[in-house]
Every structure is written in C-alpha cells, then in structure tokens.
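To find a chain, count down the sequence lines: A is the first, B the second, and so on, and within it residues start at 1.
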Protein chains: 2
Amino acid sequence: MTGTGKRRSQKERSAETSTRLINATIDLLHDRGLVRTSTSEIARAAGVSRGALTHHFAGREAIISASVAAMLSKATRDLHRFAETFIARGGSSDEIVDYIWQMMDDRLFYVTMEYLPEARHNPDFRAELIPTVRDFHAGLDAIWTALATRAGVEPDHARIVMNATMCLVRGMISQTVLRPNDPAYYRDMLAFWKQQVRQQFPIEAPSSHDSRLKAGAR
Amino acid sequence: MTGTGKRRSQKERSAETSTRLINATIDLLHDRGLVRTSTSEIARAAGVSRGALTHHFAGREAIISASVAAMLSKATRDLHRFAETFIARGGSSDEIVDYIWQMMDDRLFYVTMEYLPEARHNPDFRAELIPTVRDFHAGLDAIWTALATRAGVEPDHARIVMNATMCLVRGMISQTVLRPNDPAYYRDMLAFWKQQVRQQFPIEAPSSHDSRLKAGAR
DNA sequence: TCCAAGAAACAGACTTGATTGTTTGTAAAA
DNA sequence: TTTTACAAACAATCAAGTCTGTTTCTTGGA
C-alpha cells in the first residue's frame, strides 16, 4: 500500500512497521483485551514477524505503552482541531458533550478500560502515561475555557463541569459492559446531561446547529 | 479464629474455607489486580492449599466469578439496609450521593475495574454476572424511588439522576488511577454534583444531618 | 558510477518461567 | 467403611525474552 515501489529508505520501512505494529496493538486491545494481546498476536495482526516487533520495541510493556500513548496523542490532536473550529464558529455546549461522547465511545475509553488496571498496579507503566494524559486534558481545557469566556462564567466552574462531563461519559461507557444493547438508556442520560450543562452556560443559541448525534447503540 | 474447637462439621469446614478463599480473592483483585491474581496466590493468601481451592471451585474463572458475585451481593444487602433507615428517617439526596461514593470507593469499583475488561470479552463470565448486577441496581432503585416519591418527582426522572450519579462516580474512580493524590479535586466534583442533584429533588431539608463525609483522599 | 563493508531491519528458532488443570494420596467426618 | 475435605506432586501449555541467521539499505572509496 504505502511503498508501492521496491526501494524504500530504512527510515520509511522502520516507520511503517512501527505504525503497523502500533495500530495492530490498539486494534487487539480493543477487540480482544489486554490480557489476550500477546506479542505473537500483535506481530501476526500487523503482518510482520515477532522478530520485527522485538527489534522495534523493548518488550511487551513497551509496545503497549507506546500504542496507548499514540492513541492518546491522536485524540489530543483531534481535540485541538475541534477546539479551533468550535471557537471560530461559536459552538454550543451540546456540541461539546456530543463530541466528547463520540470520541470516548470511538474506542478511546474502551481501550482505556483495558489498561487502567495495569496502570493502577504498575507504577512504571502509569508514570509513562501520565504526561500524555495531561496533554489530553489540556486539549479539553482549550475547548471549555473558550465556552466559559463566551458565557461569562468562571473558568474554574467551567472546569468542574468539564471534568464532570468526562467522568459521566467514562461511567457510561463502563456501564455498557454489563448493560449492553440499551441505546435509549445512554441517549436519555446524555440528553439529561446536555440540559444540565446548558444551564451552567447561559448562552443564546447562535444558530440551530445539528446536534442530533445519537448515543452509540450498545 | 472461627473454629476454636477441634471437631467441626464438614459443612462448617467447607463453608469456612470457601469464605476464606473468596475473601482472599477479593483482596488480591483489589491489591494486585486480576492478571496478577493466580490460583496459587489465592490459596496462599487464604492459608489453604491449592488442592482445597480446586476442590471448591472448578477453575480460576469460577472462583473469580464467585468472588465478584459475593462482593456484589454484600453491596446489595448493605444497600437495602441503607434504604430502610434512609426511608425511615427521610434522608436527603446529599446523603445518598455520599453513601454511593463511599460504597464505590470502598473497593467496590476498584475491583469492578479489574474484571470489567474480562466481562467485556468473555461472554460466559459476563452472563454469570449480569443477574447479580441487576439485583444490585434494584437495591439502588429502592433508595431513589423513595426519594422521588417524597419529593413528588417522576420515578423515571429520579432513575435518570440515579444512573447519572452512578456513572459520575464510576468515572471519578476511574480517573483516580491517572490522577492520584488530588482529594480536593474529587471533593469539589462531588460537592458540585450534590448541588445538581438537590435541584432535581426540591425537598425542604428536614434536619441538618451530618453529611460532611469526605471524598476519599487519593 | 560502481562496489564492497557495515549497519539496520527483519525472520524465526530456542530457552525459560509461570500457571493451569489433573491426578494421586491422606486425614477427617458421616 | 464410605464419602467428603484437603494436600501436594505432575504434566502440558503458553508466552516473553534471548539469540542467531538472513535480507535490505547506507556509506565511503576506487
């Protein structure tokens, strides 16, 4: 796909296999879970040998950690991109809640649930992740402070609402595991929350943007 | 401890070792995590042989599943006990939120985080848990419908607030993993939430009950 | 420009350690 | 004496790390 021609620089080869391995790792974390994600399975899913994996990553923990960091970095970039357009067009709080749900429901928090226990019990693993998580939250902050400024609300208060939103969504996705196949439940709860948030940021709706995003059907 | 005398019935012996094994399993799930909880470790922590474990439980999955179910059942019993006194004395919504936080922060949701990934990827394991989880939620319902009736609020609306509370707390405890040592953060968020819930149940505070429960310091 | 070392990227076999389920043996209660 | 509760050795599996070998690219001098 990428290298159609025969001759590729080592940097290109290296970068591609790294990416393939990392993508395969995220896929496996999501589809089969951390405990079922062995280095052999990763190599197989990436279409490379196990030797290639050990060449690029020091060990299992290293490739897991790198993959999670890559996923978080991507989410952070997306977040900043969203913040830009959001600020430019003066979006509503509903939009933010919808975006956060979409983002978290699109594998992000499912994968997070996989590695959280490991992060809890493995200090090295946790320490390596915390900076990336901080960056992610900085991205969130950019959006919410914009909303707060526009609504004339204390940034600290906006931050509480932001964090509550994140916690709520985390909890909702956690619940999908033992309460599956109930999209209406999650839709209604998100609707309730959007209404609560609206009350915290009393802004006149600038235009009727299409915020009819549905909570994913699980 | 339990059996000081020498001669005990087989039923007694059996029940005690079972309990010891289950308690040890919960302890290990909480302290070291699911992946680090081997059957040998469980037996060692329970002070019995691995043979005893295999005699009482069909395998690793069985003892994990039984232990989690036991933990949930205990939480459900506690919930019903709380509901009784809560209804009797006409407690406030703040009390409920505090109780839920306490309960979830007292190992319940930390252990839950350990097995959620397994439940997500292992249909048998999940299927065995769902009924117990349902009972647990029925216990919650008892409390919130009492509050709703007293406040003259739609039970369905109370249920949404209840579920949102559970989700929020789940998300908060999830976050403690990658945002540790910040008790003020969790305290403030819980305070914010209590205020939100209060607005949903407009009741005159019957008496100044002592609701100054602190969010656990993590 | 071409051609050798040399280095980097990859492939695959091998070793070791841990863990699970199984099985056989023993003590205690029915 | 028969069954139940427990103990401990055993066998098989599996995954992670290590190591050795092969291919592909890079580099520097003729």
Side-chain angles (χ1 to χ4, degrees), chain A residues 1-25 28-29 32-67 114-115 118 121-122 124-125, chain B residues 1-25 28-29 32-67 114 117-118 121-122 124-125:
Chain A
M1 296 287 174
T2 311
T4 347
K6 295 171 183 182
R7 200 172 180 84
R8 292 181 301 161
S9 77
Q10 301 208 136
K11 204 174 279 184
E12 282 173 329
R13 288 206 301 165
S14 184
E16 191 194 326
T17 46
S18 265
T19 313
R20 291 169 69 97
L21 283 165
I22 283 176
N23 288 338
T25 303
L28 284 172
L29 283 180
R32 303 197 197 167
L34 179 57
V35 288
R36 292 167 178 79
T37 299
S38 65
T39 53
S40 325
E41 282 290 302
I42 295 173
R44 214 163 58 84
V48 302
S49 73
R50 208 166 145 270
L53 188 153
T54 64
H55 177 73
H56 286 281
F57 299 94
R60 187 185 117 108
E61 190 174 318
I63 191 176
I64 301 281
S65 168
S67 302
E114 296 294 332
Y115 71 74
E118 182 64 20
H121 298 287
N122 183 340
D124 293 338
F125 185 78
Chain B
M1 293 289 174
T2 311
T4 349
K6 293 173 183 182
R7 198 169 180 85
R8 292 180 301 161
S9 76
Q10 297 207 138
K11 204 173 279 184
E12 282 174 328
R13 288 207 304 167
S14 184
E16 191 194 327
T17 46
S18 264
T19 313
R20 290 170 68 97
L21 282 165
I22 283 176
N23 288 338
T25 303
L28 284 172
L29 283 179
R32 301 197 198 167
L34 179 58
V35 288
R36 291 167 179 79
T37 299
S38 63
T39 54
S40 325
E41 283 288 304
I42 295 173
R44 213 164 58 84
V48 301
S49 73
R50 212 172 140 267
L53 189 151
T54 65
H55 177 71
H56 286 280
F57 300 94
R60 187 184 117 107
E61 190 174 319
I63 191 175
I64 301 281
S65 169
S67 302
E114 296 294 333
E118 182 63 20
H121 298 287
N122 184 340
D124 294 337
F125 185 78

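- Between B:Gly47 and A:Ser9, the one whose closest nucleotide on DNA chain D sits nearer the 5' end is B:Gly47.
- As a whole-Å value, the separation of B:Lys11 NZ from D:dT4 C1' is 13 Å.
- In this structure, A:Arg8 atom CZ and C:dA9 atom P are separated by 12 Å, rounded to whole Å.
- Per the geometry, CZ belonging to A:Arg20 stands 13 Å off C1' belonging to C:dC10, to the nearest Å.
- Every side chain to side chain contact (heavy atoms under 4.5 Å, CB included) that B:Ser9 has, sequence neighbours left out, goes to B:Lys11, B:Glu12.
- B:Leu34 has its CG atom 13 Å from the P atom of C:dT19, to the nearest Å.
- Legend: residues meeting side chain to side chain donor-acceptor pair (under 3.5 Å) with B:Arg13, ordered by chain and number and at least two apart, are absent.
- Within 4.0 Å of A:Thr54, counting heavy atoms only, lies at least one base atom of the nucleic acid.
- At whole-Å resolution of the value, CG in A:Leu21 and P in C:dC10 are 9 Å apart.
- Between B:His56 atom NE2 and C:dG21 atom P there is a gap of 17 Å when expressed in whole angstrom units.
- Nucleotide D:dC6 holds its P atom 9 Å from the CD atom of B:Glu16, rounded to whole Å.
- For A:Thr37, the side chain to side chain contact (heavy atoms under 4.5 Å, CB included) test picks out A:Leu28, A:Leu29, A:Ile42, A:Ile64, with sequence neighbours left out.
- For the salt bridge (charged side-chain N to carboxylate O under 4.0 Å, His left out) test, residues two or more places apart in sequence or in another chain that qualify with A:Arg20 are A:Glu16.
- Map B:Gly59 and A:Gly51 each onto its nearest nucleotide of DNA chain C; the residue landing nearer the 5' end is A:Gly51.
- Pairing analysis of DNA chain C (Watson-Crick: purine N1 to pyrimidine N3 plus N6-O4 or O6-N4; G-U wobble: N1-O2 and O6-N3; both under 3.5 Å) yields stems of 3 or more pairs at C:1-30 with D:1-30.
- Within the structure, the salt bridge (charged side-chain N to carboxylate O under 4.0 Å, His left out) test picks out no pair touching residues 49-61 of chain B (sequence neighbours left out).
- Here the closest non-hydrogen pair linking B:His56 and B:Ser14 is CE1-OG, 3.0 Å.
- Scored by the side chain to side chain contact (heavy atoms under 4.5 Å, CB included) test, A:Ser65 finds A:Phe125, A:Glu128, A:Leu129 as partners (sequence neighbours excluded).
- For the OP1/OP2 pair of D:dC6 and a distance below 4.0 Å, the side-chain nitrogens and oxygens of B:His55 include no atom meeting the criterion.
- Nearest heavy atom pair, residue B:Ser67 against residue B:Ile63, reads OG-O, 2.6 Å.
- Minimum atom distance to the side chain of A:Ala52 is reached by C:dC10, of the listed D:dA5, C:dC10, D:dT24.
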Protein N or O to nucleotides 9-15 of chain D N or O, pairs below 3.5 Å:
none

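- Here the P atom of nucleotide C:dA28 and the CD atom of B:Gln10 are 12 Å apart, to the nearest Å.
- In terms of the salt bridge (charged side-chain N to carboxylate O under 4.0 Å, His left out) criterion, residue partners of A:Arg32 (sequence neighbours excluded) are, by chain and number, A:Glu41.
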